[in-house]
Each structure stands twice: as C-alpha cells, then as structure tokens.
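Below: the structure, in structure tokens.
Owing to the predicted nature of the structure, the values given are computational and were not obtained by experimental measurement.
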Amino acid sequence: MTSRGKALVDSLWYVIPLAITVLVNAVVRPFMASELNGEVVRKGASVRGSDTYWVFDAVTRSEHPWQTRFLETSDGALALVTLAVIAVLFVWRSFGRKGR
C-alpha cells in the first residue's frame, strides 16, 4: 500500500466515529424522539449551536427505558464520548505501530 493509501486508512480510524456521531445526532436521535413523542430541550446559544436533548413522560420512560435514556443524554455528552473514543483509537494506533 502506498503512503497516501496508508494515510487515508489511518484517517478513517478517526473520521468514521465522528461521522457516525454526527449522523446519529442530526438524524437518528430526532427521528427516535419524534416517534416517542419527546419534548425537545435546547440549552445554550453559542457559535456552534445549542446542546439538545429530549425529555419524556413517566409512562414513556417506563415503556422504553433504554431509548429514553439515550435520548435524554445531550448531544454534547455524546460528542465528548466520541472524542474520547477517537483519542483512545489514536493512542492505540500510535503505540501499536511502534513494534512494526
């Protein structure tokens, strides 16, 4: 594999988790919340936008505990977890190459 191809593969290790999180926050979570009749909550108003999450009534929370817990977690928290995963991947890939 050429060095250019290797660099592309290396960058995908970091871009793919970021793209997945963006897709989940922009498309999947709003769709899930609308299906469960969640009430959107937006906090803050910065240059990057607001932090979004949804709240649900007690009945919906008891019927769909995993889904509502996922949706009650803010977009910012999911982004932070994604950055942590990317950091771990970076360290793992960096130290994993030392022996090659």
Side-chain angles (χ1 to χ4, degrees):
M1 182 180 293
T2 66
S3 62
R4 186 179 181 118
K6 193 177 273 190
L8 176 64
V9 170
D10 286 346
S11 65
L12 290 177
W13 278 89
Y14 314 118
V15 172
I16 288 174
L18 185 61
I20 290 170
T21 302
V22 168
L23 181 67
V24 166
N25 279 340
V27 177
V28 175
R29 285 170 39 100
F31 176 75
M32 285 177 63
S34 69
E35 291 295 311
L36 294 174
N37 296 320
E39 180 184 340
V40 67
V41 177
R42 287 191 171 86
K43 298 266 182 166
S46 67
V47 173
R48 295 181 310 260
S50 59
D51 201 20
T52 305
Y53 61 94
W54 290 266
V55 293
F56 300 91
D57 59 20
V59 174
T60 304
R61 278 197 303 272
S62 66
E63 291 175 354
H64 306 283
W66 290 95
Q67 293 92 335
T68 55
R69 186 66 192 125
F70 173 64
L71 294 168
E72 288 175 343
T73 304
S74 73
D75 289 349
L78 292 177
L80 185 61
V81 168
T82 302
L83 289 177
V85 167
I86 290 170
V88 168
L89 285 172
F90 177 77
V91 169
W92 176 67
R93 300 271 302 162
S94 295
F95 287 117
R97 291 176 170 224
K98 295 292 183 189
R100 291 183 194 174

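Through side-chain heavy atoms spaced under 4.5 Å, either directly or across other Ile, Leu, Val, Met, Phe, Trp or Tyr residues, L23 is tied to V27. The hydrophobic cluster of V15 has no other members, since no ILVMFWY side-chain heavy atom comes under 4.5 Å of it. Side-chain contacts under 4.5 Å among hydrophobic residues (ILVMFWY), followed directly or transitively, place L71 together with L12, I16, I20, V24, V28, M32, L36, V40, W54, F56, F70, L78.
Here the OG1 atom belonging to T73 is positioned 12.0 Å from the CG atom belonging to L80, to the nearest 0.5 angstrom.
Each salt bridge (charged side-chain N to carboxylate O under 4.0 Å, His left out) pair with one or both residues in residues 13-42, not counting sequence neighbours, appears once here: R29-D75.
Among all heavy-atom pairs drawn from V9 and W13, the shortest one is O-CD1, 3.2 Å. Across every non-hydrogen atom of T68 and P65, the tightest pair is OG1-O, 3.3 Å.
Side chain of D51 to backbone of G76: a donor-acceptor contact under 3.5 angstrom is found.
R69 meets the salt bridge (charged side-chain N to carboxylate O under 4.0 Å, His left out) test with no other residue; sequence neighbours excluded. Qualifying side-chain contact (heavy atoms from CB on, under 4.5 Å) partners for Y14, counting only residues two or more places apart in sequence or in other chains: I86, L89, F90, R93.
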